[in-house]
Structure formats: structure tokens, C-alpha cells
Amino acid sequence: MGEYVPLTSILCLLYNGVLASALCFVLWSFVVDQMAPSALAVSSMLTPLIGVLGGVVFLSERLSSRMIFGMMLLLFGVIMVQIVVRHQNNSTKKIEDKLK
């Protein structure tokens with residue numbers, strides 16, 4: 001026999017499946033126009049970090065020292081790649097300006 005699905009469940013599903021996904025797609029499209037693809041690819045590695053922090057804030061989960069260490073390593077890696085990409089972009093612009 002079929003079970004009754006409350007309206008709240010359907011609305012939550014629509015919110016998560018349609019509205020939140022649409023918002024993420026629009027934001028991603030905006031960021032793609034603003035950043036280099038190589039920097040953007042590495043920045044997507046921040047997703048797990050945001051998930052962990054969301055769990056801490058909204059679900060009252062506890063952070064372990066391993067989690068904090070992992071998040072620090074992740075942030076360090078993303079920042080280092082961003083610095084290198086910006087340096088490469090600046091170098092490329094300088095070379096292009098000299099060639100003009």
C-alpha cells in the first residue's frame with residue numbers, strides 16, 4: 001500500500017532540488033566569468049570544508065583536531081594555487097603588453 005507523503009516533504013524536496021540547485025548554478029556561472037578555469041577548479045575543493053563547517057554550525061557537530069588540521073591543509077593548498085595562478089596571469093599580461 002502507498003504511504004502518505006506530507007506536503008512539507010514535497011516542498012523540502014522541491015527547495016533542495018530546484019531552488020538551491022538553481023541558485024548554485026547561477027552563482028557558479030557568475031564565478032566562471034570572474035576567475036580563471038584553473039583557479040576555479042581548485043576552489044571547488046572548498047566544498048567539503050563548507051560542508052564540515054555547515055555541520056558544525058547547523059547540526060552542532062564537534063570538530064576534531066584531525067578535521068581542523070585537514071581543513072588547514074586544504075585552505076593552504078587552495079591559497080597556494082590561487083597565488084600561483086594570479087602570478088602566472090600577471091606574467092602573461094606583462095608579456096602580452098610588451099608584444100603590443
Side-chain angles (χ1 to χ4, degrees):
M1 293 210 183
E3 291 185 30
Y4 172 72
V5 178
L7 180 62
T8 305
S9 298
I10 294 171
L11 292 176
C12 288
L13 182 63
L14 287 175
Y15 170 76
N16 287 324
V18 177
L19 294 177
S21 296
L23 176 64
C24 289
F25 180 76
V26 169
L27 290 174
W28 182 261
S29 299
F30 175 75
V31 172
V32 165
D33 288 338
Q34 305 297 319
M35 293 178 71
S38 56
L40 186 62
V42 173
S43 296
S44 68
M45 295 296 143
L46 293 175
T47 303
L49 186 136
I50 294 168
V52 168
L53 293 178
V56 169
V57 172
F58 297 112
L59 301 175
S60 302
E61 294 178 353
R62 294 181 52 193
L63 280 176
S64 68
S65 57
R66 283 183 171 179
M67 292 169 73
I68 293 170
F69 182 68
M71 290 190 317
M72 288 173 34
L73 285 176
L74 183 67
L75 280 174
F76 178 73
V78 169
I79 290 169
M80 291 304 296
V81 169
Q82 294 291 342
I83 289 171
V84 169
V85 167
R86 285 185 188 206
H87 178 69
Q88 287 175 345
N89 288 343
N90 289 339
S91 298
T92 304
K93 286 180 185 177
K94 288 178 184 177
I95 292 171
E96 289 174 352
D97 290 341
K98 288 181 182 179
L99 293 175
K100 289 182 180 180

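Positions are given from 1 along the sequence.
Grouped by direct or indirect side-chain proximity (heavy atoms under 4.5 Å, Ile/Leu/Val/Met/Phe/Trp/Tyr only), Phe25 sits alone. Through direct or indirect side-chain contacts shorter than 4.5 Å among Ile, Leu, Val, Met, Phe, Trp and Tyr, Val84 is connected to no other residue.
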Exercise answer: donor-acceptor pairs, residues 63-83 side-chain atoms, under 3.5 Å, sequence neighbours excluded:
residue: Ser64; atom: OG; partner: Met67; partner atom: N; Å: 3.2
residue: Gln82; atom: NE2; partner: Ala39; partner atom: O; Å: 3.1
residue: Gln82; atom: NE2; partner: Ser43; partner atom: OG; Å: 2.6

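For Ile10, the side-chain contact (heavy atoms from CB on, under 4.5 Å) partners at least two apart in sequence or on another chain are Val5, Leu14. For Glu61, there are no side-chain hydrogen bond (donor to acceptor under 3.5 Å, both in side chains) partners, not counting sequence neighbours.
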